[in-house]
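In the text below, chain A, chain B and the rest are named by the order of the sequence lines, each starting its count at 1.
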Amino acid sequence: MSDLAIEREIDRTKMSVSDEVAIQITGMNKWYGQFHVLRDINLTVNRGERIVIAGPSGSGKSTMIRCLNALEEHQEGQIIVDGTELTSDLKNIDKIRSEVGMCFQHFNLFPHLTILENCTLAPIWVRKMPKKEAEDLAMHFLEKVKIPDQANKYPGMLSGGQQQRVAIARSLCMKPRIMLFDEPTSALDPEMIKEVLDTMIELAEEGMTMLCVTHEMGFARQVANRVIFMADGQIVEQNEPEEFFNNPQSDRTKQFLSQILGH
Amino acid sequence: MTDQTTNSIAFVADGNIPQSPPPARETGVVKWMRENLFSSWANSLLTIVAGLVIYMVLSGALPWMWNGVWTTSSLSECREVLAGEVGGCFSVLSERWNQLLFGFQYPQDQYWRPTLAFVLLFIAGAPVLFFDLPRKMLAFTAVYPFLAFYLIWGGTIMAPIVAFLGMGAAAFVFQTYGKGSFALGFFGAIVAAFAVWIIGGALIPEGASETAMLQAVPSRDLGGFMLNLMLGVTCVSLSVPLGIALALGRQSDMPLIKWICIIFIEFVRGVPLITLLFVASVMLSYFFPPDSTVDLFLRVVIMITMFSAAYIAEVIRGGLAALPKGQYEAADSLGLDYPQAMRLIILPQALKISIPGIVNVAVGLFKDTTLVSVISMFDLVGMIRGPILASTEWAGVYWELLGAAAILFFIVCYGISQYSQWLERRLATDHR
Ligand SMILES: Nc1ncnc2c1ncn2[C@@H]1O[C@H](COP(=O)(O)OP(=O)(O)OP(=O)(O)O)[C@@H](O)[C@H]1O
Ligand SMILES: [Mg+2]
């Protein structure tokens with residue numbers, strides 16, 4: 001919730017948005033039984049965009065980004081990720097999943113594997129990479145998220161913030177072109193939130209395409225180039241962060257912002 | 001504190017006071033007893049009652065064991081030696097030991113064969129049970145079933161070789177085609193195995209068993225504790241994989257597979273094992289081709305395996321249900337396909353949770369192998385109830401024989417239980 005101060009100057013040189021389309025959602029609808037969770041979602045994400053998705057609880061934010069790597073099935077409309085259309089074809093699904101990284105609220109590390117094994121698993125089995133090479137790659141990304149010294153521990157021995165950074169490293173080991181985050185910091189204490197956000201900012205600085213469901217408005221303000229506001233399964237409003245926060249258009253948005261900014 | 005240290009120090013001890021021993025009521029046995037046995041009047045009462053019970057049991061059992069006779073050759077002779085005193089006739093054990101272990105029909109000069117198979121079992125089982133051992137040892141594990149079969153049953157060496165080749169062909173087909181499509185690999189493997197077995201079986205010359213290097217021993221000649229161990233080891237090692245398959249099938253999205261698994265599990269669990277064994281002994285032959293004589297041992301193995309697989313499937317289903325949904329999602333989001341996700345992520349964790357339950361079923365299964373005595377197979381209990389107690393020499397020696405059977409079973413079951421506890425400790429990685 002807090003407007004977490006991000007102390008560092010953010011290097012925006014590489015954070016340019018290209019014209020190339022990374023994700024295109026057109027007319028997507030989804031139901032849980034009778035319940036219409038997602039209504040007529042249209043969204044285009046260009047390569048290099050950092051998008052923050054905000055909205056009240058139950059508005060369908062998680063459901064929407066989980067549709068992007070087929071963790072949830074959509075019933076109507078078209079989703080094209082990285083040039084591949086998401087259909088029920090398992091080949092397409094596996095292809096998209098290996099191009100799209102995802103981080104969850106509860107980290108979902110594999111507790112029976114060491115940190116290093118968590119990171120090397122997918123490269124070895126999905127990318128068929130030799131073990132040695134996968135380990136070098138994993139160590140590279142563990143260094144990047146600043147926990148190479150924990151490589152041989154098990155996830156249960158790490159703090160929440162460290163676990164989430166491992167989860168990010170684990171996704172990065174698949175060299176994804178798009179990263180999805182579903183409330184990556186909302187299970188963490190304030191100091192740990194900062195270390196995870198720092199990691200995400202670094203990713204953004206390197207030009208990663210990111211979709212991030214979060215309540216960290218400080219992060220949205222400084223890193224996002226577009227904020228999407230969802231309510232009742234619809235995209236109610238989207239805008240650049242400055243405009244979004246200073247000049248919200250709809251009443252729903254105003255109400256939400258007044259609540260989340262705590263005044 | 002600060003006041004005292006900075007000024008007005010009136011007295012300072014200039015040496016250590018030597019340690020004196022603690023009073024007797026604070027040390028050793030007395031202290032331990034006071035704290036653990038007599039801490040309250042209720043506790044004291046329980047201690048005294050328990051002491052009395054222990055005394056009564058031991059005062060009966062110890063002289064019986066101590067005075068036991070080990071060297072006579074019949075019960076009446078043993079009674080003479082005892083001359084009215086309390087004592088056990090353990091000579092039935094020393095005289096009939098081989099029968100208790102191997103049954104009464106296994107050729108005596110061939111006892112070394114099952115014994116060797118038993119010793120090799122430890123080498124074959126080690127890399128499976130203790131997975132820190134070098135993986136190369138698994139090669140021996142793969143050969144072991146066929147080797148043990150050859151050692152115990154003897155006959156022509158062609159039979160186990162053909163069986164091995166069939167399994168090899170199945171593994172090869174699965175390796176090559178299973179990657180593309182699981183169903184193709186799976187059914188292809190079954191077809192390949194049967195093809196090799198049928199062709200191989202036809203190639204074995206008639207009467208090869210009579211001239212074989214190792215004398216052929218038919219299944220009905222197997223018996224004693226050996227039979228219990230054989231049934232236990234075979235059925236446990238078959239029912240764990242079958243149970244895993246059933247548990248996964250029960251969760252499957254494919255309705256046909258799901259319903260087959262549910263019906264199988266519910267049906268088999270709803271029928272007493274003894275009924276299944278009777279079916280095995282008299283009726284199962286209807287299900288096999290008319291001219292094939294499927295071995296009784298094999299029929300019993302099928303029934304016990306089905307029975308315990310159904311239980312193990314339910315235990316594993318509990319383990320699968322206990323896993324957070326996030327584990328499946330994380331595996332999916334990394335792009336692992338279904339077999340990979342199951343093998344690398346889901347099953348290792350679900351099986352770990354299921355260890356106590358699986359061991360429970362395994363121990364129960366091992367003890368249930370004694371039920372085969374009711375379909376006239378002479379396992380350890382069958383040997384005791386049948387040939388030994390029915391003999392003129394040893395009619396009426398119950399305690400010694402059944403006590404020995406209990407001890408033999410206890411040793412194995414306790415071993416299994418200790419192993420499972422070691423395994424749980426070894427696998428404990430989540431320090432939450
Ligand atoms: N498996 C499901 N079956 C039925 N309804 C579901 C299921 N999953 C989610 N829902 C419903 O769909 C709606 C959207 O859920 P979703 O998890 O996407 O919300 P959210 O915006 O992520 O909320 P939060 O901020 O609390 O995470 C909610 O009303 C929820 O109750
Ligand atoms: Mg959510």
[X] atom [atom1]: more than 12 heavy-atom contacts under 6.0 Å:
X: Lys144(A); atom1: NZ; value: yes
X: Glu73(A); atom1: CD; value: no
X: Phe131(B); atom1: CZ; value: yes
X: Tyr144(B); atom1: OH; value: yes
X: Phe267(B); atom1: CZ; value: no
X: Trp31(A); atom1: CH2; value: yes
X: Lys128(A); atom1: NZ; value: yes
X: Tyr419(B); atom1: OH; value: yes

So which bits of residues 328-338 of chain B come within less than 4.5 Å of chain A, counting non-hydrogen atoms only? Glu329(B), Ala330(B), Ala331(B), Asp332(B), Ser333(B), Leu334(B), Gly335(B), Leu336(B), Asp337(B)
For Gln340(B) and Val126(A), work out which heavy atoms get closest and say how close. OE1-CG2, 4.3 Å
Does Asn108(A) reach the main-chain N or O of Gln327(B) with its side chain, forming a donor-acceptor pair under 3.5 Å? no
By a 4.5 Å heavy-atom criterion (distance strictly below it), what part of [X] contacts chain B: side chain, backbone, both, or neither?
X: Phe110(A); answer: both
X: Arg170(A); answer: both
X: His112(A); answer: both

To the closest 0.5 Å, what do you measure between CH2 (Trp125(A)) and CZ (Arg343(B))? 4.0 Å
Table please: side-chain donor-acceptor pairs of residues 165-176 of chain B below 3.5 Å, with sequence neighbours left out.
residue   : atom : partner   : partner atom : Å
Thr176(B) : OG1  : Phe172(B) : O            : 2.5
Thr176(B) : OG1  : Val173(B) : O            : 3.3

